[in-house]
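Okay, so here's the structure we're looking at.
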Amino acid sequence: MPMTAPTTPPDAEVRLRETRYWHATRRLILTCLGLWVLVVFGGTYFARSLDFRFFGWPFSFWLAAQGSLLFFVALVAWLARRMSRMDREFDVDEQD
């Protein structure tokens with residue numbers, strides 16, 4: 001009787017792939033959350049030391065009024081692009 005390598009059942013492979021996908025997703029979301037906290041609280045904390053003019057306004061005002069919003073839009077666009085790539089990588093993307 002020849003020896004064959006043990007194989008994992010298909011359900012176990014699917015569960016393993018899903019677990020890896022959710023770990024990667026969670027890591028990505030925590031990274032985005034960390035960047036968000038850094039921009040919101042870091043910008044606020046260092047606002048007084050950022051005392052120079054930028055397009056005619058104090059830089060701290062510009063950072064709070066415009067810069068953080070632009071950063072968040074860029075962060076959401078990066079997250080969407082990265083999640084789409086990760087969906088294809090783990091073969092969980094929606095097929096049209």
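- For T25, the side chain to side chain donor-acceptor pair (under 3.5 Å) test picks out no residue, with sequence neighbours left out.
- Under the rule for a ring-ring contact (aromatic ring centres under 6.0 Å, His included), the partners of F52 that lie at least two apart in sequence or sit in another chain are F59.
- To the nearest 0.5 angstrom, R81 atom CZ is 7.5 Å from R85 atom CZ.
- Cluster annotation: L33 and L38 are assigned to distinct hydrophobic clusters (Ile/Leu/Val/Met/Phe/Trp/Tyr, side-chain heavy-atom contacts under 4.5 Å, transitive).
- Note that the OH atom of Y21 and the CG atom of D91 stand 11.0 Å from one another [nearest 0.5 Å].
- Every side chain to side chain donor-acceptor pair (under 3.5 Å) that R88 has, sequence neighbours left out, goes to S84.
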Expected list for residues 63-75: side-chain donor-acceptor pairs under 3.5 angstrom, two or more places apart:
from	atom 1	to	atom 2	distance (Å)
S68	OG	L63	O	3.4
S68	OG	A64	O	3.3

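- A search for side-chain contact (heavy atoms from CB on, under 4.5 Å) contacts involving L28 returns W78, L79, R82, M83, M86, not counting sequence neighbours.
- No path of Ile, Leu, Val, Met, Phe, Trp and Tyr side chains, each step under 4.5 Å between heavy atoms, connects L16 with F90, placing them in separate hydrophobic clusters.
- Applying the 6.0 Å contact sphere to CZ of R20 captures no more than 12 heavy atoms from other residues, nucleotides or ligands.
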